[in-house]
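Working notes, beginning with the structure itself.
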Amino acid sequence: MANLADAAVVVELYKLRQEETLRAARKFMGFEFWPKDLEELRAVSRAMGSEKNAYWRQTISYWEMAASLVLRGAVDADLFLDSNGEGIFLYAKFHHWHAETEKESGNRFMKNTAALIDQYPAAKAVYEMVKASLASR
């Protein structure tokens with residue numbers, strides 16, 4: 001059951017999302033960056049020092065941090081998942097590009113977000129819905 005401390009964490013996460021640079025990074029990742037193949041994705045995800053790579057790293061790390069708060073019990077999962085589906089969207093949008101890399105390296109892409117999806121039915125439902133909507137894109 002969520003409490004006031006959980007609500008405070010969710011509100012603070014929302015406030016952080018309004019920060020100008022993170023807002024620009026989220027816009028790029030969510031709406032502007034649609035790689036057609038793994039090479040296009042890697043041109044951003046591995047281009048250290050570029051603005052687009054900074055957007056990639058900031059957005060992914062933000063949502064990984066947020067998922068970690070749920071996984072570690074710092075915030076109620078149900079309350080978090082009521083209003084924080086963007087990380088799951090990004091996982092669904094980019095995970096298929098990383099499937100081969102995961103096999104090669106053993107490192108799971110967005111491991112905290114993946115664990116959130118694995119552990120919480122509400123997260124899994126959002127993931128499946130987003131994955132289906134992206135398949136028709």
Side-chain angles (χ1 to χ4, degrees):
M1 175 63 78
N3 59 40
L4 288 176
D6 295 312
V9 171
V10 170
V11 168
E12 188 61 30
L13 288 170
Y14 181 78
K15 287 178 185 177
L16 290 171
R17 290 191 338 229
Q18 296 177 19
E19 187 276 326
E20 185 178 338
T21 304
L22 182 55
R23 185 175 286 273
R26 292 174 48 239
K27 179 182 176 198
F28 170 72
M29 292 289 287
F31 300 104
E32 298 170 4
F33 184 46
W34 293 95
K36 293 178 180 51
D37 56 36
L38 184 57
E39 288 72 32
E40 280 189 22
L41 183 131
R42 286 180 174 166
V44 168
S45 69
R46 295 183 176 180
M48 299 304 281
S50 72
E51 180 180 59
K52 290 177 180 179
N53 177 264
Y55 286 169
W56 170 272
R57 289 180 295 107
Q58 185 173 26
T59 305
I60 298 295
S61 65
Y62 174 83
W63 287 112
E64 282 293 272
M65 173 202 63
S68 178
L69 293 174
V70 175
L71 295 171
R72 300 295 182 177
V75 63
D76 180 78
D78 291 327
L79 181 63
F80 175 83
L81 291 167
D82 282 347
S83 60
N84 289 285
E86 185 177 315
I88 296 168
F89 166 77
L90 294 174
Y91 179 83
K93 182 177 178 180
F94 297 118
H95 177 257
H96 64 284
W97 299 115
H98 290 277
E100 195 63 35
T101 305
E102 286 179 351
K103 289 177 193 171
E104 294 168 3
S105 70
N107 296 321
R108 198 166 183 190
F109 173 68
M110 292 184 75
K111 68 178 182 165
N112 293 329
T113 303
L116 193 72
I117 292 165
D118 290 345
Q119 290 181 30
Y120 296 97
K124 181 75 167 182
V126 170
Y127 170 70
E128 294 297 337
M129 178 188 69
V130 170
K131 196 167 78 167
S133 72
L134 290 173
S136 64
R137 185 171 162 67

Hey, can you pull the donor-acceptor pairs under 3.5 Å for the side chains in residues 123-132, sequence neighbours left out?
none

Tell me whether Y62 is reachable from V11 by hopping between hydrophobic residues (I, L, V, M, F, W, Y) whose side-chain heavy atoms are closer than 4.5 Å. no
Check the hydrophobic clustering (I, L, V, M, F, W, Y; side-chain heavy atoms under 4.5 Å; chains of links allowed) and say if L22 and Y14 are grouped together.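 Looking at the clustering, Y14 is in a separate group from L22.
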All N/O donor-acceptor pairs, side-chain side in residues 25-34, below 3.5 Å, sequence neighbours left out:
unit_1	atom_1	unit_2	atom_2	d
R26	NE	E86	OE1	3.0
R26	NE	E86	OE2	2.9
R26	NH1	R17	O	3.1
R26	NH2	E86	OE1	2.7
W34	NE1	F31	O	3.0

Matching residue for S45 among W97, F109, W56 - test: side chain to side chain contact (heavy atoms under 4.5 Å, CB included):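 Single side chain to side chain contact (heavy atoms under 4.5 Å, CB included) partner of S45 among W97, F109, W56: W56.
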Of all heavy-atom pairs between V9 and A74, which one has the smallest distance, and what is that distance? CG2-O, 4.0 Å
Quick check: closest heavy atoms across S50 and A47, and the distance to 0.1 Å? OG-O, 2.8 Å
Looking at D118 and R108, is there a salt bridge between them, counting it only when a charged N and a carboxylate O are closer than 4.0 Å? yes
Side-chain H-bond candidate by donor/acceptor type, E64 with T113, under 3.5 Å: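 Yes, because at least one side-chain N or O of E64 sits under 3.5 Å from a partner of the opposite role on T113.
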Atom [atom1] in [X], atom [atom2] in [Y]: separation rounded to 0.5 Å?
| X | Y | atom1 | atom2 | result |
| --- | --- | --- | --- | --- |
| H95 | L134 | NE2 | CG | 13.5 Å |
| L71 | F80 | CG | CZ | 9.0 Å |
| Q18 | K15 | CD | NZ | 9.0 Å |
| H98 | K103 | NE2 | NZ | 14.0 Å |
| T21 | R23 | OG1 | CZ | 11.5 Å |

Quick check: does any side chain N or O of [X] sit under 3.5 Å from a backbone N or O of [Y], one acting as donor and the other as acceptor?
| X | Y | answer |
| --- | --- | --- |
| D6 | D76 | yes |
| E12 | A8 | no |
| N107 | E102 | no |

Would you say K93 has more than 12 foreign heavy atoms packed within less than 6.0 Å of its NZ? yes
Do [X] and [Y] have side-chain heavy atoms sitting under 4.5 Å apart?
| X | Y | value |
| --- | --- | --- |
| S83 | V10 | yes |
| L116 | L81 | yes |
| L13 | L69 | yes |

Using the side-chain hydrogen bond (donor to acceptor under 3.5 Å, both in side chains) criterion, which residues pair with Y120? Sequence neighbours excluded. none
